[in-house]
There are 2 protein chains.
Amino acid sequence: MLWDKEIDMEMDFFRAKCKENNLRMTTQRMAIYEEVARSKDHPNADTIFKKIQRKHPTISFDTVNRTLQTFAEIGILNVVEGHGDPKRFDPNADTHHHFRCVRCNRIIDFYDDSYDRLKLPKQFKKGFIVLGKKVVLEGICDRCG
Amino acid sequence: MLWDKEIDMEMDFFRAKCKENNLRMTTQRMAIYEEVARSKDHPNADTIFKKIQRKHPTISFDTVNRTLQTFAEIGILNVVEGHGDPKRFDPNADTHHHFRCVRCNRIIDFYDDSYDRLKLPKQFKKGFIVLGKKVVLEGICDRCG
DNA sequence: CTCGGTGCAAAATGTTTGCAAGTAC
DNA sequence: GTACTTGCAAACATTTTGCACCGAG
């Protein structure tokens with residue numbers, strides 16, 4: 001995602017974000033942010049922890065885990081799978097889409113033809129088999145808003 | 001999702017699915033399927049377990065949990081959050097979309113203007129605040145295919 | 001009768017909480 | 001110096017695994 005020379009710019013952005021949210025700039029947070037900013041993939045807390053450990057042998061897993069959540073809260077990164085809750089099952093096997101409320105975690109099913117007919121980007125036309133596509137809207141629902 | 005009179009049809013569908021996948025029709029599986037088919041929301045294993053317990057006090061949580069996964073594998077239902085793995089973080093905070101490989105669980109980021117410009121369904125225009133929208137394609141990636 | 005399925009218990013995994021000591025501001 | 005952070009440890013929640021017994025086909 002970033003060349004080394006871009007890291008400095010990123011750290012400025014990070015500094016600003018911290019100030020904005022009243023977070024202190026600690027050695028650990030800087031290390032975690034740097035590692036995360038370099039990531040090209042979607043690592044879990046443990047993977048990030050192991051990478052950081054090489055340079056910072058004294059950092060604890062807790063700090064990494066907690067910091068990642070803090071970062072997610074202030075919008076520096078996103079959580080890809082699971083939003084803290086246990087696995088949930090959807091009895092509706094038809095093609096449909098979801099609205100997820102970030103406050104109460106409620107999931108609302110909805111149907112929309114235009115969403116169903118989305119065209120695949122060219123990069124997935126060859127070599128990939130697309131079994132399903134779904135749209136996830138995230139926001140605040142009518143009950144929580 | 002279903003009126004009571006439709007349950008019978010559902011059970012026939014279930015019987016067919018079981019035969020198709022060499023699964024035996026057990027009392028427990030039928031109870032679980034019936035409960036799931038009635039669900040309007042996105043319950044977790046524990047919720048389903050508690051509901052079934054009322055009618056079948058001897059059923060175990062394990063059976064419910066295992067059966068739900070079995071059902072997911074044969075396509076009777078879908079898993080909404082978490083696909084078995086721990087929480088993963090996405091350092092890319094820009095608007096982008098995901099392709100997830102159901103075999104290796106790899107997640108590929110991609111960008112697509114037409115996806116970004118999706119129009120919101122009318123039902124979310126009032127009372128809801130939509131903070132983000134993303135498209136998730138699921139299938140088999142080029143490495144696994 | 002046979003093999004898949006169930007129930008129970010234990011283990012593994014991942015996440016959260018409480019608190020004393022450390023450190024940025 | 002004060003308040004926020006950290007690191008450690010214990011508690012929690014959830015999912016997975018092993019195995020003897022049971023029951024559908």
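These numbers were taken from a predicted model, which means no experiment stands behind them. Chain letters run A, B, ... following the sequence lines, proteins first, then strands; residues in each count from 1.
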Whether A:Tyr33 and A:Phe13 hold their rings parallel, tilted or perpendicular, with breakpoints at 30° and 60°: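 A:Tyr33 vs A:Phe13 ring planes: tilted.
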
Hey, are the side chains of A:Glu81 and A:His42 touching, using non-hydrogen atoms and a 4.5 Å cut-off?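 Sidechains of A:His42 and A:Glu81: no contact.
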
May I ask you to verify whether the side chain of B:Asn44 and the base of D:dA13 hold a donor-acceptor pair under 3.5 Å?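 Side chain to base: no pair below 3.5 Å.
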
Taking atom types as they are modelled, would you say the side chain of B:Asp46 forms a donor-acceptor pair with the base of D:dA13 within the 3.5 Å cutoff?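 Absent.
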
Just the rounded figure in Å: distance from [atom2] of [N] to [atom1] of [X].
X: A:Asn65; N: D:dC12; atom1: CG; atom2: P; answer: 19 Å
X: A:Asp62; N: D:dA10; atom1: CG; atom2: P; answer: 13 Å
X: A:Arg66; N: C:dC19; atom1: CZ; atom2: C1'; answer: 11 Å
X: B:Phe61; N: D:dT14; atom1: CZ; atom2: P; answer: 8 Å
X: B:Phe71; N: C:dG5; atom1: CZ; atom2: C1'; answer: 12 Å
X: A:His56; N: C:dG22; atom1: NE2; atom2: P; answer: 20 Å
X: B:Ile32; N: C:dT6; atom1: CD1; atom2: P; answer: 7 Å
X: B:Ile59; N: D:dC22; atom1: CD1; atom2: C1'; answer: 15 Å

Below 4.0 angstrom, which residues in residues 15-26 of chain A have at least one non-hydrogen atom near DNA chain D?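 Listed by number, they are A:Asn22, A:Leu23, A:Arg24, A:Thr26.
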
Would you tell me if any nitrogen or oxygen in the side chain of [X] comes within less than 4.0 Å of OP1 or OP2 on [N]?
X: B:Gln28; N: D:dG23; value: no
X: A:Gln69; N: C:dT15; value: no
X: A:Ser60; N: D:dG7; value: yes

Output the distance between atom CG (B:Asn105) and atom CG (B:Asp85), rounded to the nearest 0.5 Å.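 Result: 4.5 Å between the selected atoms.
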
Residues 135-145 of chain A side chain polar contacts: donor-acceptor under 3.5 Å, at least two apart:
from, atom 1, to, atom 2, distance (Å)
A:Glu138, OE2, A:Arg100, NE, 3.4
A:Glu138, OE2, A:Arg100, NH2, 2.9
A:Asp142, OD1, A:Arg106, NH2, 2.9

B:Thr27 or A:Thr27: which one's nearest nucleotide on DNA chain C is closer to the 5' end?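 Looking at the nearest nucleotide for each, B:Thr27 comes out on the 5' side.
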
Is it true that A:Tyr115 and B:Tyr115 have ring centroids separated by less than 6.0 Å?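 Aromatic pair excluded; centres sit 6.0 Å or further apart.
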
Take B:Thr63 and B:Ser60, measure what side chain to side chain donor-acceptor pair (under 3.5 Å) needs, and give me the verdict at the end. CA-CA 5 Å; B:Thr63 302; B:Ser60 77; 3.0 Å; yes

Base, sugar-phosphate, or nothing for B:Arg29, non-hydrogen atoms under 4.0 angstrom?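 The residue B:Arg29 makes sugar-phosphate contact but no base contact.
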
For a quick test of reading the model, state the closest non-hydrogen atom pair linking B:Gln123 to A:Phe110 and the distance between them.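 Result for this residue pair: OE1-CB, 3.2 Å.
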
